Structure formats: C-alpha cells, structure tokens
**Q** 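Once you've had a glance at the structure underneath, I'll fire off some questions.
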Number of protein chains: 2
Amino acid sequence: MDRDLQRQAGLALAEHHLLAIINEAGEQGIRPTDLALGSTLTKSGLTRAVDRLEALGLIASRVCPTDGRGQLLALTAKGRQKLRRAAPEFFRSVAQHFADHLTERETETLASAFERIAAADRR
Amino acid sequence: MDRDLQRQAGLALAEHHLLAIINEAGEQGIRPTDLALGSTLTKSGLTRAVDRLEALGLIASRVCPTDGRGQLLALTAKGRQKLRRAAPEFFRSVAQHFADHLTERETETLASAFERIAAADRR
DNA sequence: CGGAATAACTTGCGTAGGCAACTAGTTGAT
DNA sequence: ATCAACTAGTTGCCTACGCAAGTTATTCCG
C-alpha cells in the first residue's frame, strides 16, 4: 500500500494516515499528543513527521491558545486537496490488498477485535 | 512486543521472527529468498539482518551445494538456545498484547483471514 | 506565591531497512 | 557451445524513527 500510494499519489502511507487523522479534527486542529494516540509513532517520530508535512505545506501549526507548550495542527487547503486526490488510490489499494480477500463478517470481526486491542494498548 | 522481547530476551522482535522461521527449516537450512517470503523484509533488508544474526553467532550460513549464488542458513546451537530462552517472554507478550483480548473464535477468524491475505500477497 | 513535579514537545545520536544499481552464478534458446 | 535473459544476493545512499536527554510551559502543593 505504501508503494501504491507513493507512486499514484506522491504520499507515503504513514503521511496519508496522519493527514486523515488531522482531517478528522477539522478546523480547530489537533494536538500532536492526541495525534500520536491514533498513529504508531512516538512523540519524537511525530515531531519529525509534522515537520515534513509542514514543509510540504500540507498542514499548518499554531501555538495552542490554552497551553503554551503545545501546538494545534490543521490541514491547509493544499493538504485537503492532497488527501482528497489520494482517496481513490487509497481505497483501491485497501480493497486489493485486504478487503477483497475478506467476507463482510470477517471484516466486522477484525474491526471490533482491533478496536479492543488498540484500546487496551492505549492504557 | 519489540520492547518486551528486547528487554527480557535481548532480541528484537524482527530478529526473533527470523530465528523462528530458520528454526522451522531445521538442520538442512533455508535460502534467504525463502526466508524473505516469511518476513516483511526485502532482499536487501534480509542481507543485513542475516549479517547481524551471523555476527551474533546465532545462525551459520554455507554455500548452497546446488546453486553457487545462494546460501543455506541454519541456527547454531547458540541460536537455538537464544530462541528457546526467549520463548516464555515471547508467548507472554503475545498473550498480553493480543491473545488475551480475543475470543477463541476471533483468533481463528484472524488466523484464516491473515493466511488468505498473505497468500494473495505472495503472488 | 514559590518551587518541585509533571507534561508537551525537540534534538542528538544511532540503527533498521528500502530502492536502485551492481556482481556473480544459472538457465534456456539457438 | 555460446550468449542473452534471468535469478540470488550485495552494496551505496538516503530516510524514517526510536531512545534518552534537554528545553520550556504548566500544574499542584504547602
């Protein structure tokens, strides 16, 4: 999937994932710490990934108004566009490599099992 | 799991995985190319991982008698010992992070689904 | 209100691993 | 038998990312 996305959308899978989470947060933005919870990165890895996305102009950060230590990250117009344009290839790739090989029932089982495992890990 | 294994058994999870596959192959050894199929590494990553395991004295390689380009990798006594000693922590960690959060039924579903996905990927 | 404890990042350093290009051995077609 | 095409593995280069230590801001006591 990483190669698919890299070739067809010029975006690494890890970056795509971060953009998708940041997108969920919408206008108001998301704190790096919260972003880390949704990814597999540590805070140091996150610092660098954020730097890269910012350098690419895909996200913008501003100082958090309620906590001077932290930031609030949000997609730029360019970032939203990049994400939107990557979507078809993303879903195609998910289908090809995963979804097409699973029944509906299996997909649901995986989803709930993974959710439970991830929740346990966050503690 | 990587951290668990690293701390308790002095072995990275990726290395453990390779040792386990090589162990399956037994006395006769396994070709790096076949080893790559069971791991997530590319052949270049594999070259280096093999170098490391060899430098640690955990595996030994000999030239393949039927194909002068290739090698046959097998565990050394030290490698077998390392793997055996890591086993308790490995299974404990699997249980803690995964198995304990799944029902029998889910575990079976995941196993067969993953097997199907991996098989599709090998093509 | 002042200082210790904590939290949110950041940075220096080191390692793993991918890609593309390379070397060397094997196979297959003429 | 030869030479092209392929396959096994290796290497140079570069990037991502973890860990541990550092910086700055916040919180929580006393």
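Quantities reported herein were computed from a predicted structural model and do not represent experimental measurements. Within every chain, numbering begins at 1; the chains are lettered A, B, ... in the order of the sequence lines, protein sequences first and strands thereafter.
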**Q** Which other residues belong to the hydrophobic cluster containing B/Val63, where Ile, Leu, Val, Met, Phe, Trp and Tyr are joined when side-chain heavy atoms lie under 4.5 Å apart, directly or via other members?
**A** none

**Q** So if I take residues 5-41 of chain B and measure heavy-atom distances to DNA chain D, which residues fall below 4.0 Å?
**A** B/Arg31, B/Pro32, B/Thr33

**Q** Could you pull out the closest heavy-atom pair between A/Phe98 and B/Ile117, with the gap in Å?
**A** CD2-CD1, 3.8 Å

**Q** Please check if the side chain of A/Thr76 supplies one atom and the backbone of A/Leu58 the other of a donor-acceptor pair under 3.5 Å.
**A** yes

**Q** Inspect the contact between A/Arg7 and A/Glu89 and indicate whether a charged nitrogen and a carboxylate oxygen are less than 4.0 angstrom apart.
**A** no

**Q** Heavy atoms within less than 4.0 Å of DNA chain C: which residues of residues 49-60 of chain B have one? Give them sorted by number.
**A** B/Arg52

**Q** Can you give me the closest heavy-atom contact between B/Leu11 and B/Ala86, atom names plus distance?
**A** CD2-CB, 4.3 Å

**Q** Work out which heavy atom in B/Arg116 is nearest to a heavy atom in A/Leu102; give both atom names and the distance.
**A** NH1-CA, 4.1 Å

**Q** Keeping B/Asp4 on the side-chain end and B/Ser93 on the backbone end, is there a donor-acceptor pair under 3.5 Å?
**A** no

**Q** Of all of residues 65-76 of chain A, which get a heavy atom below 4.0 angstrom from DNA chain C, listed by number?
**A** A/Arg69, A/Gly70, A/Gln71

**Q** Run the side-chain donor-acceptor check on residues 16-33 of chain B: report pairs under 3.5 Å with partners two or more places apart or on a different chain.
**A**
residue : atom : partner : partner atom : Å
B/His17 : NE2  : B/Gly38 : O            : 3.4
B/Arg31 : NE   : B/Gln71 : O            : 3.4

**Q** Identify the heavy atoms of A/Glu106 and B/Ser112 that sit nearest to each other, and give their distance.
**A** OE2-OG, 4.0 Å

**Q** As a quick check of understanding, evaluate side chain to side chain contact (heavy atoms under 4.5 Å, CB included) for B/Gln8 and B/Phe90, giving each step before the final call.
**A** CA-CA 9 Å; B/Gln8 304 300 318; B/Phe90 176 75; over 6 Å; no

**Q** Output the rounded distance in Å from CZ (B/Arg48) to C1' (C/dG14).
**A** 15 Å

**Q** Over all heavy atoms of both residues, which pair between B/Leu41 and B/Ala49 is shortest? Give the atoms and the distance, please.
**A** CD1-CB, 4.0 Å

**Q** Using the heavy-atom set of chain B and a strict 4.0 Å cut-off, write down the first and last nucleotide of DNA chain D that makes it in, 5' to 3'.
**A** D/dT7 to D/dC19

**Q** Between A/His101 and B/Ala119, is there a donor-acceptor pair closer than 3.5 Å when you use the side chain of the first and the backbone of the second?
**A** no

**Q** Assess whether atom CZ of A/Arg85 is packed by more than 12 heavy atoms of other residues, nucleotides or ligands within 6.0 Å.
**A** no

**Q** Please figure out whether A/Ser44 or B/Lys43 has its closest DNA chain D nucleotide nearer the 5' end.
**A** B/Lys43

